[in-house]
Amino acid sequence: MAKTGTINWSKKSKMQSFEEVYEVVKLIPEGRVSSYGAIAKYLSTGARLVGWAMNAAHGLHDVPAHRVVNRNGILTGKFHFESPTLMQELLEAEGIEIVADKIQNFSKIYWDPQIELSL
DNA sequence: ACCATGACTATAA
DNA sequence: CTTATAGCCATGG
């Protein structure tokens, strides 16, 4: 049972969408962020599904949910973390500037799976 | 199957 | 930028 270098859809026919989202989120580099819509589009699914997956990602260590924000670069999910300030703290720890729950230089550090993974 | 809800997004005003 | 509306997909009652 080796690690999943790539997504291993062995058996588990259920909740495949969640696993897909986790795999993509785990690929987001430090200091970069992505949006629900970008991931959703990459997986050919709805943006709300990504948010739902993140909600279920609580407790899954390997999923850096703090690197996923909405299309405005707003930390919309910060209240879903252990603390309302934890998300911002984690992002700032990676060198990301945040003012009033809004990511600065958003377009600069934005990470789109459809672009970054298709090079 | 229908209805309500949710860490969303595109569009219009 | 905000507000309102519609579309989106999965989950739960």
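Bear in mind the structure is a predicted one, so any value in this text is a computation, not a measurement. In what follows, chains are A, B, ... by sequence order, proteins preceding strands, each numbered from 1.
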Please identify the 5'-most and 3'-most nucleotides of DNA chain B with any atom under 4.0 angstrom from a heavy atom of chain A. B:dG6 to B:dT11

Under 4.0 Å, counting only non-hydrogen atoms across every strand here, what does A:N55 touch: a base, just sugar-phosphate, or nothing? base

same_hphob_cluster(A:F106, A:I98) at 4.5 Å side-chain heavy-atom cutoff: yes

I need the CZ-C1' distance between A:R48 and C:dC8, as an integer number of Å. 8 Å

Listing request: all salt bridge (Lys or Arg N to Asp or Glu O under 4.0 Å) pairs with a residue in residues 76-86 of chain A, at least two apart in sequence or in separate chains. A:K78-A:D101

Map A:W52 and A:N70 onto DNA chain B by nearest heavy atom, then report which one ends up closer to the 5' terminus. A:W52

Report, one line per pair, each donor and acceptor closer than 3.5 Å where one atom sits in a side chain of residues 52-64 of chain A; sequence neighbours left out.
residue: A:H58; atom: NE2; partner: A:H80; partner atom: O; Å: 2.7

How would you label the contact of A:A57 with the nucleic acid (heavy atoms, under 4.0 Å): base, sugar-phosphate, or nothing? nothing

Those residues of residues 84-98 of chain A lying under 4.0 Å from DNA chain B by at least one heavy atom: none

Of residues 73-83 of chain A, the positions that come close to DNA chain B - non-hydrogen atoms, cut-off under 4.0 Å: A:T76, A:G77, A:H80, A:F81

For DNA chain C, find the residues of residues 105-114 of chain A with a heavy-atom distance under 4.0 Å and give them by number; none if there aren't any. none

Is there a path of hydrophobic side-chain contacts, each under 4.5 Å between heavy atoms, that joins A:I103 and A:F81? yes

Would you jot down, in residue-number order, the residues of residues 33-46 of chain A having a non-hydrogen atom under 4.0 Å from DNA chain B? A:S35, A:Y36, A:G37

What side-chain donor-acceptor pairs closer than 3.5 Å can you find for residues 84-96 of chain A, not counting sequence neighbours?
residue: A:T85; atom: OG1; partner: A:S83; partner atom: OG; Å: 3.2
residue: A:Q88; atom: NE2; partner: A:E92; partner atom: OE2; Å: 3.0
residue: A:E94; atom: OE1; partner: A:G31; partner atom: N; Å: 3.2
residue: A:E94; atom: OE1; partner: A:R67; partner atom: NE; Å: 3.0
residue: A:E94; atom: OE2; partner: A:H66; partner atom: NE2; Å: 3.1
residue: A:E94; atom: OE2; partner: A:R67; partner atom: NE; Å: 3.1
residue: A:E94; atom: OE2; partner: A:R67; partner atom: NH2; Å: 2.8

Separation between CG (A:N72) and CG (A:N70), nearest 0.5 Å, reads 5.0 Å

Donor-acceptor pairs under 3.5 Å, side chain of residues 32-50 of chain A to any protein atom, not counting sequence neighbours: which ones?
residue: A:R32; atom: NE; partner: A:I109; partner atom: O; Å: 2.9
residue: A:R32; atom: NH2; partner: A:Y110; partner atom: O; Å: 3.0
residue: A:R32; atom: NH2; partner: A:E116; partner atom: OE2; Å: 3.4
residue: A:S34; atom: OG; partner: A:W111; partner atom: O; Å: 2.8
residue: A:S35; atom: OG; partner: A:A38; partner atom: N; Å: 3.2
residue: A:S35; atom: OG; partner: A:Y110; partner atom: OH; Å: 3.1
residue: A:Y36; atom: OH; partner: A:V68; partner atom: O; Å: 3.4

Could you work out the complete set of other residues in the hydrophobic cluster of A:F79, with links drawn between I, L, V, M, F, W and Y side chains under 4.5 Å apart? none

Euclidean distance for P, B:dA12 against C:dC8 (whole angstrom): 16 Å

What contact category does A:H66 fall into here, base, sugar-phosphate, or nothing, at under 4.0 angstrom with non-hydrogen atoms? nothing

Show which residues join A:I115 in its hydrophobic cluster (side-chain heavy-atom contacts under 4.5 Å, direct or indirect), or state none. none

